[in-house]
Amino acid sequence: MIPDQSMALDTPAISPNGSAPRCEHLDALGPVTPQSNDCRQCRARGDGWSTLVVCLTCGWVACSDDSPNRHAKAHYEETDHPLTAGAEPGSAGRWCYVHQRPV
């Protein structure tokens, strides 16, 4: 054992986002390709959006929760796909709907 290291088995692993428990949904991620460059549901209704996110399970692109229609959350509720990421180039943010926090 390394000095000053705890061996507690019931302690949750620490994630890279601080002291929050690691999100196990990150372990199942594989490469995805965004299916579009807009929110198809908003476009079909003639609505706009604030920002777009991409589902990290299937690549579905939808308006974020800060948009009026919240189609990304609706996608999660329909599919149980837990993780999204910002769809804009350079966006590094990811959100877990199960844990209701950034990961």
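Note that the structure is predicted; figures quoted are calculated from it, not measured.
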Would a 4.5 Å heavy-atom cut-off, applied to side chains only, mark P82 and T57 as touching? yes

Could you tell me which residues satisfy side-chain contact (heavy atoms from CB on, under 4.5 Å) with A85, sequence neighbours excluded, listed by chain and number? V54, L56, R94

Side chains of D65 and Y97: any donor to acceptor distance under 3.5 Å? yes

Should T84 and Y76 be marked as a side-chain contact (heavy atoms from CB on, under 4.5 Å) after you check the CA-CA gap, both sets of side-chain angles, and the distance that decides it? CA-CA 9 Å; T84 62; Y76 161 68; over 6 Å; no

Partners passing side-chain contact (heavy atoms from CB on, under 4.5 Å) against S64 (at least two apart in sequence or in another chain): T51, V53, D66, S67

Would you check if the side chain of E78 reaches a backbone N or O of H75 as a donor-acceptor pair within less than 3.5 Å? no

Looking at Q41 and H71, would you say the former's side chain and the latter's main chain have a donor-acceptor pair under 3.5 Å? no

Non-hydrogen atoms of C39 and C63 that approach each other most closely: SG-N, 3.4 Å

Please report the shortest heavy-atom distance between C96 and V103, naming the atom on each side. CB-CG1, 3.9 Å

Do L83 and L29 have side-chain heavy atoms sitting under 4.5 Å apart? yes

With sequence neighbours excluded, what pairs up with R40 under the side-chain contact (heavy atoms from CB on, under 4.5 Å) test? Q35, S36, D38, R43, W60

Can you tell if the side chain of H25 reaches within under 4.5 Å of the side chain of H81, non-hydrogen atoms only? no

Taking a hydrophobic cluster as the set of Ile, Leu, Val, Met, Phe, Trp and Tyr residues connected by side-chain heavy atoms closer than 4.5 Å, whether directly or through intermediates, do V61 and V32 fall within one such cluster? yes

State plainly whether one hydrophobic cluster holds both V98 and L26, where clusters connect Ile, Leu, Val, Met, Phe, Trp and Tyr through side-chain heavy atoms under 4.5 angstrom apart. no

